[in-house]
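One structure below.
Owing to the predicted nature of the structure, the values given are computational and were not obtained by experimental measurement. Atoms within each ligand, like the ligands themselves, are counted from 1 in listed order. Counting from 1, the numbers follow the sequence of the chain as shown.
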Amino acid sequence: MKPSIRWGIIGCGLIAPKFFHALENTGEGQVVAAASKSIRRAKRFGKKTGVERVYGSYQEMLDREQLDAVYIANTHAEHAAAAKLCLNRGLPVLVEKAFTRNAKEAAEVITLARNKKLFCMEAMWTRFNPATAKVRALLAEGAIGEVTRLTAAFCVLMPPCMKTMPWNRMYSPRFAGGALLDIGVYPIAYARMVFGEPPQKITGSADLAWTGVDKTSEYRFEYSGGRQADLITSFVRQRPREAVITGTQGNICVPHFSGAERLIITRSGCAPETIECGAPGFEYEIREVHRCLREGLIESPLMPLDETLETMRTMDALRAQWGMKYPGE
Ligand SMILES: NC(=O)c1ccc[n+]([C@@H]2O[C@H](COP(=O)([O-])OP(=O)(O)OC[C@H]3O[C@@H](n4cnc5c(N)ncnc54)[C@H](OP(=O)(O)O)[C@@H]3O)[C@@H](O)[C@H]2O)c1
């Protein structure tokens, strides 16, 4: 029997219980402890999940617990510090997206992980879902010829009251909020996967909230040979959440591409064909972390750290065009 992997969680917000349940579903590990900056939040997480060992300090959890890995799920602005805290304790980390606030912080975390030979990965869960695996396989076998264009939209309507709350992480510059880092990172990472390289030219526009972070942003990425990606993300506009990959010999439409269950492929001269791929979930990324830990890999070949760094650089380039900075940058 494989030994059960003991996880700690940093950040006891909305996503933490989802990780807890997905980990249980894998049958490969358990959350043994969780930490928050607020003991009340940590206790609430404990009540919801049955995790008894909860802490009001990240440091205290790391001091007291025997862990094999840590899932970092606090705000984007806090990811780098939390990841470094764990890595400096010799602990592998799975860091929620967006990996950090900017490329400088990402490079620091990546360098530390590599120097210490510890596993580190951005929790880009979509990358590991069966529908994404199918898209990759279809592209690799040339099912739609050469990819020429990607369009992708990821829009999530946030409750209007959030806009007036600067302490809400979604709209907070202090917590590196904004649509770009929160949800724009999905289509950007998708473009990186589809084209297999970073864009040569990046242009974008943003509609900023009064707090100074983007509530809507649009990006055009250009690649060699006239290939391009047009991406949009928004907290206030609605668009079908889908990706359409166009090739020289057909196209692939992926409804709900971040958590897709199926895709529709139309090969030149053929009728559209729906391919059922299976339910998405965090379980796939968690199993990949476990596989890497068991095999002594310090990076996942499916979500390499260099790609994460490129995504952060792309988002830095967009923010530079909009003059969108976080405090202290
Ligand atoms: N993979 C996905 O599908 C998915 C979905 C949603 C979010 N995420 C990512 O997961 C991370 C957490 O998201 P979430 O939805 O769980 O966020 P959340 O519930 O708003 O907050 C998560 C944690 O961030 C810290 N935090 C949030 N707002 C704060 C504030 N105003 N003041 C101080 N600390 C604050 C707290 O950490 P402490 O408890 O440690 O104090 C909180 O527990 C983010 O990186 C997000 O982008 C991923």
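F19 and W7 have their aromatic ring centers within a separation under 6.0 angstrom. In summary, the aromatic rings of F195 and F221 are positioned with their centroids too far apart to meet the 6.0 Å limit.
Set against the non-hydrogen atoms of Y186, the atoms of ligand 1 under 4.0 Å away are 1 (N), 2 (C), 3 (O), 4 (C). Under a 4.0 Å criterion applied to the non-hydrogen atoms of E96, ligand 1 contributes the atoms 1 (N), 8 (N), 9 (C), 10 (O), 11 (C), 45 (O), 48 (C). Distances below 4.0 Å separate heavy atoms of R41 from the following atoms of ligand 1: 34 (N), 36 (C), 38 (P), 39 (O), 41 (O), 42 (C), 43 (O). Close approach of ligand 1 to H79 (heavy-atom distance below 4.0 Å) involves ligand atoms 45 (O). Shown in contact with F282 at under 4.0 Å from a heavy atom are these atoms of ligand 1, numbered in order with element: 1 (N), 2 (C), 3 (O). Counting atoms of ligand 1 from 1 in the listed order, those under 4.0 Å from a heavy atom of F175 are 30 (C), 31 (N), 32 (N), 33 (C). The distance from ligand 1 to the heavy atoms of H76 drops below 4.0 Å at these ligand atoms: 44 (C), 45 (O), 46 (C), 47 (O). Under a 4.0 Å criterion applied to the non-hydrogen atoms of D182, ligand 1 contributes the atoms 47 (O).
Of all the listed residues (L14, N74, I9), N74 holds the heavy atom that lies closest to atom 44 (C) of ligand 1. Nearest to atom 27 (C) of ligand 1 by heavy atom, out of L181, V156, T75, V185, is T75. Of the options A82, A77, A73, G11, the smallest heavy-atom separation from atom 22 (C) of ligand 1 is shown by A73.
Residue contact annotation: F99 has no non-hydrogen atom under 4.0 Å from ligand 1. For M124, the closest heavy-atom approach to ligand 1 does not fall below 4.0 Å. For the pair E78 and ligand 1, a heavy-atom separation below 4.0 Å is found. Using a 4.0 Å heavy-atom cutoff, F45 is absent from the residues neighbouring ligand 1.
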Can R149 and D230 be said to form a salt bridge (charged side-chain N to carboxylate O under 4.0 Å, His left out), step by step?
CA-CA 8 Å; R149 186 153 191 251; D230 286 300; 2.7 Å; yes
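Shown here are the side-chain contact (heavy atoms from CB on, under 4.5 Å) partners of Q59, two or more places apart in sequence or in another chain: S57, D63, L85, R89.
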Got a list of side-chain donor-acceptor pairs under 3.5 Å for residues 128-144, not counting sequence neighbours?
unit_1	atom_1	unit_2	atom_2	d
N129	OD1	G281	N	3.0
N129	ND2	S258	O	3.4
T132	OG1	T126	O	2.6

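At a 3.5 angstrom cut-off on N or O pairs, C12 counts as close to ligand 1. Residue G13 has at least one N or O atom closer than 3.5 Å to an N or O atom of ligand 1. Taking only nitrogen or oxygen atoms, main chain and side chain alike, I15 reaches within less than 3.5 Å of ligand 1. Of the N or O atoms in K97, one or more lie within a sub-3.5 Å distance of an N or O in ligand 1. Residue K37 has at least one N or O atom closer than 3.5 Å to an N or O atom of ligand 1.
Counting heavy atoms from C-beta outward, M170 and D182 have side chains that approach closer than 4.5 Å. Looking only at side-chain heavy atoms (C-beta outward), R169 and H76 come within less than 4.5 Å of each other.
Figure legend: K18 and F282 shown as a cation-pi pair, the cationic atom lying under 6.0 angstrom from the six-membered ring centre and within 45 degrees of its axis. For K215 and W210, the positive end is not near the middle of the six-membered ring at less than 6.0 Å and at most 45° from its axis.
Classification of K325 and E329 as a salt-bridged pair fails, no side-chain N sitting under 4.0 Å from a carboxylate O.
In this pair, F257 and F154 present their aromatic rings perpendicular. The plane angle is above 60°, beyond the 30 to 60° band.
Taking all atoms of both residues into account, the shortest heavy-atom contact from L231 to P187 is CD1-O, 3.7 Å.
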